[in-house]
There are 2 protein chains.
Amino acid sequence: MLRSRPRKPVRKQPRRYHHGDLPRAMLQEAVQTIQTHGTEALTLRGVGERLGVSRTALYRHFADKQALLAAVATEGFRSLRVALFEAWDTGGRGREGFDAMGIAYVRFAVAHPAHYRVMFGGVVRPADGSQEAGDLGTDAFQVLVDAIVEQQQRGLVRGDDPRQLALYIWSVVHGVAMLALDGMLPPPTQADALVKFANERLRTGIAP
Amino acid sequence: MLRSRPRKPVRKQPRRYHHGDLPRAMLQEAVQTIQTHGTEALTLRGVGERLGVSRTALYRHFADKQALLAAVATEGFRSLRVALFEAWDTGGRGREGFDAMGIAYVRFAVAHPAHYRVMFGGVVRPADGSQEAGDLGTDAFQVLVDAIVEQQQRGLVRGDDPRQLALYIWSVVHGVAMLALDGMLPPPTQADALVKFANERLRTGIAP
DNA sequence: ATTCTTGTGTTGACAGTGTCAACATGAATG
DNA sequence: CATTCATGTTGACACTGTCAACACAAGAAT
């Protein structure tokens, strides 16, 4: 299968035998490769080469390629959680902030499509596979639950089970993000517009 | 990367040089392999071997592996469209039928997780990549749009742009399906239950 | 009927991949 | 200083997708 080529190996200076913090560097390199060249361009040999290290050095820090991908997913959930909370918090922790959360979610996915796919693409299961990824996934999820509870206390959202509500809303934004990534949103209806529409319908429903 | 082994090659009788309908057989074999052993277990050599045909015979009918996957995606959209329409139609083409559509959608994804991922996993873009897959994707989408228009005429759904509404609702079920496939729905909250909940909130909104 | 053409299937080969076993290195510990 | 052990390297292997060159068969053209 033909794949696009990542950038050439760059080693600033002849590395010492022991690289300072290889795990961190490898994760970072993997994230960048995925972001700029897609997941299929991520090859263990390439990562090693670009870090000026041999092809199997990675195995001293990650069990296998899946483990590396799991770490990438973890990193993604961390960033997503930060982005969500920031949108909610700076948006005023009210209706406006909640809408901002939805927009931030979809924007994250659209800005880092390949990375987002690793998080949810089934290569690594956020729920059971990597324990850490699962925790961070639920961490990001928790931000949403908290926001819902806070809105419920202010009488902005009905008093259903907040976790159920959160799952529902997560489904909406996740669905919009996926459709956007798959290019199923026709040009006139951009992702942002759909999120805006979704936010309105989310509150008042689709019944007349 | 280690992968689970598909079943052994089975050739009933010494095949003729010209296999009757190889494209169809290969597509079918690919779908079955993906369904029972996952997408990563799909190998061109394996497909050929299991059909009692050489490893590169596939190239006379598909441009490359991606093309085969595109065909798999197409087949999936066809099935999905049928399932959706049947649920809508036998459900009485009303509120009940609409809810049934949502359940049918998620059930399809849960019943054929790997196949569903091929349809939306980004390996093949339903929108532009394979023209045929795109058409079928929008065909399935059209079923939803039609159902919405019909409900609007009966006063069951507000008179927004039906395509926008359809995109929104598609996002919801697609999101639920994806979360279910990723195992992010905790045991107490099964996929069906979430769809049921989603159907209610979809109509009346989350505001108090 | 015989030849030709063209669609279909085969074999050989190649570059690239993830992964393991065996070995090399060097920093920390006694 | 000697040892230990985490860390990095080299060699090898099985497996993959893909291409080029070849073999075969069925229908068209003669």
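Please read all numbers here as calculations on a predicted model, not as lab measurements. Below, all heavy atoms of this structure are taken into account, side chains as well, without hydrogens, waters or symmetry copies.
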Arg45(B) side chain, from C-beta outward: closest of dT16(D), dT8(C), dT9(D):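 Comparing dT16(D), dT8(C), dT9(D) against the side chain of Arg45(B), the answer is dT16(D).
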Proximal nucleotide (of dG9(C), dT10(D), dT16(D)) relative to the Val53(B) side chain: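 Nearest to the side-chain atoms of Val53(B), counting from C-beta on, is dG9(C).
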Using atom [atom1] of [X] as one end and atom [atom2] of [N] as the other, report the distance to the nearest whole Å.
{"X": "Glu40(A)", "N": "dG17(D)", "atom1": "CD", "atom2": "P", "answer": "14 Å"}
{"X": "Lys65(B)", "N": "dG16(C)", "atom1": "NZ", "atom2": "C1'", "answer": "14 Å"}
{"X": "Glu49(B)", "N": "dT10(C)", "atom1": "CD", "atom2": "P", "answer": "12 Å"}
{"X": "Leu68(A)", "N": "dG18(C)", "atom1": "CG", "atom2": "P", "answer": "10 Å"}
{"X": "Phe62(A)", "N": "dT19(C)", "atom1": "CZ", "atom2": "C1'", "answer": "16 Å"}
{"X": "His61(B)", "N": "dG7(C)", "atom1": "NE2", "atom2": "P", "answer": "12 Å"}
{"X": "Leu69(B)", "N": "dG17(D)", "atom1": "CG", "atom2": "C1'", "answer": "12 Å"}
{"X": "Leu22(A)", "N": "dT9(D)", "atom1": "CG", "atom2": "C1'", "answer": "13 Å"}

With His112(B) via ring pair (Phe, Tyr, Trp, His ring centres under 6.0 Å) - residues at least two apart: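 Testing His112(B) for ring pair (Phe, Tyr, Trp, His ring centres under 6.0 Å), a comparison that skips the adjacent residues, returns Phe108(B).
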Residues which pass salt bridge (charged side-chain N to carboxylate O under 4.0 Å, His left out) with Arg24(A), listed by chain and number, not counting sequence neighbours: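 Applying salt bridge (charged side-chain N to carboxylate O under 4.0 Å, His left out) to Arg24(A) gives Asp21(A).
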Under the side chain to side chain donor-acceptor pair (under 3.5 Å) test, residues paired with Asp89(B) that sit two or more places apart: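 Per chain and number, Asp89(B) pairs via side chain to side chain donor-acceptor pair (under 3.5 Å) with Arg93(B).
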Residues that Asp192(B) engages under side chain to side chain donor-acceptor pair (under 3.5 Å), provided they are two or more places apart: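 Asp192(B): side chain to side chain donor-acceptor pair (under 3.5 Å) contacts with Arg107(B).
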Aromatic plane relationship, His174(B) with Tyr116(B) - under 30° parallel, 30 to 60° tilted, over 60° perpendicular: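 Answer is tilted, since the angle falls between 30° and 60°.
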Identify the pairs formed between an N or O of the protein and an N or O of nucleotides 19-22 of chain D at a distance under 3.5 Å, and give each distance.
{"from": "dA21(D)", "atom 1": "N6", "to": "Arg60(B)", "atom 2": "NH2", "distance (Å)": "3.3"}

Those residues that, when tested against Arg60(A), pass side-chain contact (heavy atoms from CB on, under 4.5 Å) (two or more places apart):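 Checked Arg60(A) against side-chain contact (heavy atoms from CB on, under 4.5 Å); zero matches.
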